[in-house]
K.L.:
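So that we are looking at the same thing, I have put the structure below in structure tokens.
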Amino acid sequence: MKYDPQHIETKWQEIWEKGNHFHCEADAAKPKYYCLEMFPYPSGNIHMGHVRNYSIGDVIARFKRMQGFNVLHPMGWDAFGLPAENAAIKHNVHPAKWTHANIDNMRLQLKRLGYSYDWRREVATCIPEYYRWEQLFFIKFMEKGLIYRKKAPQNWCPSCHTVLANEQVVDGLCWRCDSVVEQKDLTQWFVRITNYAEELLADLSMLEKGWPERVLSMQKNWIGKSIGAEIVFPLEDGADAITVFTTRQDTVFGAMFMSLAPEHPLVEKLIDGKPQAEDVRQFVHRIRNMDRIARTSDTLEKEGIFTGAYCVNPFTGVKMPIWVANFVLAEYGTGAVMAVPAHDQRDFEFAAKYRLPVKVVIQPENETLQPETMVQAYDGPGTLVDSGEFSGLSNEEAKRRIADWLERNHKGRRTVNWRLRDWNISRQRYWGAPIPVVYCDECGVVPEKPENLPIILPLDVKTHPDGRSPLPDTPAFYECRCPKCGKKARRETDTMDTFVESSWYFMRYTDAGIDTAPFNEKALKYWMPVDQYIGGVEHAILHLLYSRFFVKALRDIGYADLAEPFSNLLTQGMVLKDGAKMSKSKGNTVEPSEMISKYGADTVRLFCLFAAPPERDFDWTESGIEGAFRFVSRVWRLVTELQPGIRAMEPCSASADTADALGPKGKELRLKEHATVKKATDDITSRFQFNTAIAAVMELVNALYLVKDEFQKSAAGRELLSSAVSTTLTVLSPFTPHLCEELWQSIGGGAMLLNASWPTFDEKALVRDEVEIVLQVNGKVRGKLLVPAGETDKKNLEALALADANVGRHTVGLTVRKVIAIPGKLVNVVAN
RNA sequence: GCGAGAGUGGCGGAAUUGGUAGACGCACUGGACUUAGGAUCCAGCGGUUAUAUCCCGUGCGGGUUCAACUCCCGCCUCUCGCACCA
């Protein structure tokens, strides 16, 4: 019978669906396992990256099920977002229609791959039944002070017609369309994620075992904690003061001038009436109008201009000229930097350029720095000099003492600065969840009442060709009544960033149907946290940071008693073709649907898992998938050929006596069978090394091919073959489930493999009668020797080694100094 | 610059606590079967060599050890993240 994957696969997919085989329910009596893959954006078609992601997840889910866990394995759609709108504009179809059509299409594609999802739990974030709860969270966060409105310069993408979060600006470009991001003053809604900076950083320690080092370090960098101090420098005339943030308060005696960001609010006041006022204004204007890339480029030359004003160093009393400098960032710290040329490279270069004085206040251990001979700043440790009462202290000790002094004398304080900024969630686009807030002339900014939710995104709007949101032109939407006073009011027309939806969808899966609350408390408690999360590393900061924040914030408004959402994280590598990432723009994509029609879902799944370990990138090759197809067909031929004589049985259940009756080859096959189970179990459990687990099964199949003709002829042989084939199919079933179910059934397997227990092996079956001992002379392999497995006597092993002819040849003329015998492994003869 | 990861045949990749480097697959070569083979089955396949049980070989240079892809020290290269962060 010919292997026909299309027929087999659709047959089993129907059986699984009709029998509800992947449905799961919370059951306190059973250990749970929540296996989650990052849900896709419904862009139209499943791509190879999805296939890889979801194949990894499906193997884990099926494996855990076989191990007896109650497995939650859901799927849904991250359905709001810009591409839907853009496609809608391009094809003149409503974003909702486009999105739902894509979802329907992609759902079919996922089903065609045989993934074991509980489809009853499917969520689509664009439906009111989902986003109503997010609107509720918004209101509750607002009550808690976790959401606020602020006017500030924002990242504006002119092509997408919307603001972007800091996390969505990559190298000064929009993360979606690569347009240069502009700064625009706008009043926006912010989530106070910085309130959780400390906790988001500290709790990374809970993830050290389960998350990749790389992701942890990226999150840590992004949060960016700097411990230091604020120091107040009064202006010369005493009228005002400049506060700086520094991590090097120990160098304050060396602060010789002050650098302000061009945007610093004091600049205009400082130059007022000064002769250089106009020049400074021009400089500020020029710098502020530079685009973000040019301005933050590391090749940008340091430039500045003197304001004509001075401030006073509170420690030395020295008059410090105040400069405006292009490298000082308005948004970090206080937008003002005390310049210590001797101990900061940027200040050093700046001082050199503008001939500003340099004063050394920290001397390293083994040399004495002189300002005249320094070619670069010294930023290492050392002893304080010329620093008043602090001279002679180590710089670390001085940091503490100077901070104490600041606090005692009210000239500053210890403080911590974060790189993390609050999360701007306002988007000036249509296809998103409406922000549930109303602007009332009487009452001001008023959140909606929870009982008025959901605020439904109107579907009968006409999208603008340029991408602007139609909501501000839709009176039926924005005209409303104030929830407080009942008078006419105007509804907020910005929508929420789609990352809000994806920050809690994993909790909604635990009971996706509940319509009286966002979560079913019991189900949430049972299923969360996610035991294994799988997705691309491109979400290492954005989605994972927001989700971690959300769980903590929801906990604090009483929704989930949970610290972290994802206990373990697997970041799969990219799918490459010809060495480059598969992408439409490069034109090097491979369509999963075409591959499925050509080779079948089992082969596609197998190849994705076999070609490389999950965390690494993998290069799609035509010959590679053909190799996978060859193996799948080889299993098919093996079982169909043996089928008349063998039967489905418990894996690894043929007895040692049965194997012995077939001689050494029988013993060897039984050993291989048990060893395969051991290796596959270890590889999957400890490191998700699917490639080596599959390789182990390939070895077993190769072994079966070598003995099948001979073993078929005897009853004992058929018994042993039955066991080994049963083991093969069971172990392979999470990878190529359709093939295995079909073959299992063909040899009389009663129940389905997906409900079978993961096989166990017998340690005793792994013991050989004779083991091969490696003979070495001075660490080099000089021969091999078969000895009885029970031979553990070192003296005997040594004697055997020394008696070996080859060992003898390599020790001629040498004196044997030592013999090291490791029973079961090797004997090393040391001679010189 | 800071942080993380990686470097092994022609290629993808194996090698559990230091103990036979190159499992498994791809590509290639040979054989069998065949009217045919781009199907299938069997075998070979790091370099060097006429062959070998010789010699060389896991980015480079040292070291520890009876023994190092593995541990230590010092470098080089690549990938990713952050970055005039004060």
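Convention: sequence-line order gives letters A, B, ...; per-chain numbering from 1. Keep in mind the model is a prediction, meaning the values are calculated, not measured.
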K.L.:
Does T692(A) put a side-chain nitrogen or oxygen below 4.0 Å from OP1 or OP2 of G13(B)?
P.N.:
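Checking T692(A) against G13(B): no side-chain N or O falls below 4.0 Å of OP1 or OP2.
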K.L.:
Taking only Lys NZ, Arg NE, NH1 and NH2, and the carboxylate oxygens of Asp or Glu, determine whether K353(A) and E301(A) approach each other closer than 4.0 Å.
P.N.:
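Salt bridge: yes.
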K.L.:
Work out how far the C1' atom of G81(B) is from that of A68(B), and round it to whole angstrom.
P.N.:
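Looking at atom C1' only, G81(B) and A68(B) are 32 Å apart.
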K.L.:
Hey, what's the ring geometry for F499(A) with W175(A), parallel, tilted or perpendicular (30° and 60° as the breaks)?
P.N.:
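Aromatic pair F499(A)/W175(A) classed tilted.
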K.L.:
Does P212(A) reach a base, just sugar-phosphate, or nothing at all? Heavy atoms under 4.0 Å.
P.N.:
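Here P212(A) touches no strand at all.
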K.L.:
Base, sugar-phosphate, or nothing for V328(A), non-hydrogen atoms under 4.0 angstrom?
P.N.:
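Answer is base: heavy atoms of V328(A) come under 4.0 Å of a base.
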K.L.:
Once you apply a heavy-atom cut-off of 4.0 Å, does H343(A) come out as touching a base, just sugar-phosphate, or nothing?
P.N.:
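If one applies the 4.0 Å heavy-atom cut-off, H343(A) turns out to touch nothing in the nucleic acid.
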K.L.:
Just call it for R421(A): base, sugar-phosphate, or nothing, with non-hydrogen atoms closer than 4.0 Å on any strand.
P.N.:
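Nothing, no heavy atom under 4.0 Å.
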K.L.:
State which residues pass salt bridge (charged side-chain N to carboxylate O under 4.0 Å, His left out) with E208(A); sequence neighbours excluded, sorted by chain then number.
P.N.:
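Residues passing salt bridge (charged side-chain N to carboxylate O under 4.0 Å, His left out) with E208(A): none at all.
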K.L.:
Measuring only the C1' atom in each nucleotide, how far is U17(B) from U70(B)? A whole number of Å is fine.
P.N.:
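Between the two C1' atoms, the distance is 11 Å.
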K.L.:
Say you pick atom C1' in G38(B) and the same atom in A27(B); how far apart are they, in whole Å?
P.N.:
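Going atom to atom, C1' in each nucleotide, I get 14 Å.
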K.L.:
Could you tell me the separation between the CD1 atom of I287(A) and the C1' atom of C84(B), rounded to a whole number of Å?
P.N.:
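Atom-to-atom, I287(A) to C84(B), this comes out as 13 Å.
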K.L.:
Among the nucleotides C54(B), A21(B), G13(B), which one has an atom lying closest to any side-chain atom of P613(A)?
P.N.:
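Closest nucleotide among those given: G13(B).
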K.L.:
Run the numbers on E331(A) and R421(A) for salt bridge (Lys or Arg N to Asp or Glu O under 4.0 Å), then give the verdict.
P.N.:
CA-CA 9 Å; E331(A) 61 273 22; R421(A) 240 67 61 61; 5.2 Å; no
K.L.:
For C69(B) and U58(B), measure between their P atoms and round to the nearest Å.
P.N.:
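Comparing P positions in C69(B) and U58(B) gives a spacing of 7 Å.
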K.L.:
Can a salt bridge be assigned to the pair E396(A) and K399(A) using a cut-off of 4.0 Å between side-chain N and carboxylate O?
P.N.:
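Yes, this pair counts.
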K.L.:
Between D347(A) (CG) and C85(B) (C1'), how many Å, whole number?
P.N.:
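So the CG-C1' distance, D347(A) to C85(B), works out to 13 Å.
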K.L.:
Can you run through RNA chain B from 5' to 3' and write each base as (, ), [, ], | or . depending on how it pairs? Watson-Crick or G-U wobble, both distances under 3.5 Å.
P.N.:
(((((((..(((......[....))).(((((.......))))).((.......))..(((((..]....))))))))))))....
K.L.:
Under a 90° cut-off about 0 for the syn range, is G74(B) syn or anti?
P.N.:
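Anti.
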K.L.:
Counting heavy atoms from C-beta on, name the nucleotide in C54(B), C84(B), A86(B) closest to the side chain of T247(A).
P.N.:
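It is A86(B).
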K.L.:
Please state whether the phosphate of A86(B), meaning OP1 or OP2, lies under 4.0 angstrom from any side-chain nitrogen or oxygen of R419(A).
P.N.:
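For A86(B), neither OP1 nor OP2 has a side-chain N or O of R419(A) closer than 4.0 Å.
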K.L.:
Say you pick atom C1' in G57(B) and the same atom in G7(B); how far apart are they, in whole Å?
P.N.:
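It comes out at 16 Å once rounded to the nearest Å.
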K.L.:
Expressed in whole Å, how much space separates the C1' atoms belonging to C24(B) and U8(B)?
P.N.:
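Per the computed distance, 16 Å lies between those C1' atoms.
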K.L.:
Given C84(B), C56(B), U20(B), which nucleotide is nearest the side-chain atoms of K780(A)?
P.N.:
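Nearest to the side chain of K780(A) among the choices is C56(B).
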K.L.:
Rounding to an integer number of Å, can you tell me how far R248(A) CZ sits from C85(B) P?
P.N.:
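Whole-Å distance recorded here is 14 Å.
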K.L.:
Within this structure, what is the CD-to-P distance between E230(A) and A86(B), rounded to whole angstrom?
P.N.:
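Those two atoms, CD and P, are 14 Å apart.
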K.L.:
Side chains of R419(A) and N221(A): donor-acceptor distance under 3.5 Å anywhere?
P.N.:
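Note: R419(A) and N221(A) side chains miss the donor-acceptor criterion.
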K.L.:
Where each residue is assigned the nucleotide of RNA chain B containing its nearest heavy atom, which of A612(A) and S217(A) is assigned the position nearer the 5′ end?
P.N.:
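In this pair, the answer is S217(A).
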K.L.:
For R214(A), check salt bridge (charged side-chain N to carboxylate O under 4.0 Å, His left out) against everything at least two apart and list the hits.
P.N.:
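Listed in chain order: nothing, the list is empty.
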K.L.:
Is there a donor-acceptor contact under 3.5 Å linking the side chains of T194(A) and D422(A)?
P.N.:
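Present: a donor and an acceptor within the cut-off.
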K.L.:
Can a salt bridge be assigned to the pair R687(A) and E615(A) using a cut-off of 4.0 Å between side-chain N and carboxylate O?
P.N.:
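Here R687(A) does not pair with E615(A) in a salt bridge, since their nearest N and O are not under 4.0 Å apart.
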K.L.:
Verify the contact: side-chain N or O of Y705(A) to OP1 or OP2 of C41(B), cut-off strictly under 4.0 Å; return yes or no.
P.N.:
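Indeed, a polar side-chain atom of Y705(A) lies that close.
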K.L.:
Less than 4.5 Å apart, side chain to side chain, heavy atoms only: is that true for L406(A) and F315(A)?
P.N.:
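Heavy-atom side-chain distance check passes, below 4.5 Å.
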K.L.:
Can you check the distance between G59(B) and C45(B), where both ends of the measurement are the P atom (answer in whole Å)?
P.N.:
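Each nucleotide's P atom is 23 Å from the other's.
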K.L.:
Which atoms of nucleotides 24-26 of chain B (N or O only) lie under 3.5 Å from a protein N or O atom, and what are those distances?
P.N.:
unit_1	atom_1	unit_2	atom_2	d
G25(B)	OP1	N702(A)	ND2	3.2
C26(B)	OP1	R630(A)	NH1	2.6
C26(B)	O2'	S623(A)	OG	2.9

K.L.:
Think R809(A) has a side-chain N or O under 4.0 angstrom from the OP1 or OP2 of A52(B)?
P.N.:
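For A52(B), neither OP1 nor OP2 has a side-chain N or O of R809(A) closer than 4.0 Å.
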K.L.:
Distances under 3.5 Å between protein N/O atoms and the N/O atoms of nucleotides 78-81 of chain B, please, pair by pair.
P.N.:
unit_1	atom_1	unit_2	atom_2	d
C80(B)	O2'	R214(A)	NH1	3.4
G81(B)	N2	N221(A)	ND2	3.3

K.L.:
Using the six-membered ring wherever Trp is involved, compare the ring planes of Y354(A) and F350(A) and label them parallel, tilted or perpendicular (cut-offs 30° and 60°).
P.N.:
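If you compare the ring of Y354(A) with that of F350(A), the planes turn out tilted.
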K.L.:
Nearest whole Å is fine: how far is U40(B) C1' from F629(A) CZ?
P.N.:
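Interatomic distance, CZ of F629(A) to C1' of U40(B): 13 Å.
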K.L.:
Heavy-atom nearest nucleotide on RNA chain B for E349(A) versus E213(A): which residue maps closer to 5'?
P.N.:
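Closest to the 5' end, via its nearest nucleotide, is E213(A).
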K.L.:
Hey, are D344(A) and R346(A) close enough for a salt bridge, meaning a charged N less than 4.0 Å from a carboxylate O?
P.N.:
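A salt bridge is present here (some side-chain N lies under 4.0 Å from a carboxylate O).
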K.L.:
For nucleotides 65-69 of chain B, tabulate all protein N/O to nucleotide N/O atom pairs closer than 3.5 Å, reporting atom names and distance.
P.N.:
unit_1	atom_1	unit_2	atom_2	d
C66(B)	OP1	K818(A)	NZ	3.4
C66(B)	O2'	N828(A)	ND2	3.1
C66(B)	O2	N828(A)	ND2	2.7

K.L.:
Which of the following nucleotides, A21(B), U40(B), C84(B), is nearest to the side chain of R637(A)?
P.N.:
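Selected nucleotide (nearest to the side chain): U40(B).
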K.L.:
Y3(A) and T603(A): side-chain donor and acceptor closer than 3.5 Å?
P.N.:
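Result is no, nothing qualifies.
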K.L.:
Measure CG/D578(A) against P/G12(B) and give the value in whole Å, please.
P.N.:
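Answer to the nearest Å: 13 Å.
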K.L.:
With the side chain counted from C-beta on, respond yes when F607(A) and F629(A) share a heavy-atom pair under 4.5 Å apart, and no when they do not.
P.N.:
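A side-chain contact is absent here, since even the closest heavy-atom pair is not under 4.5 Å.
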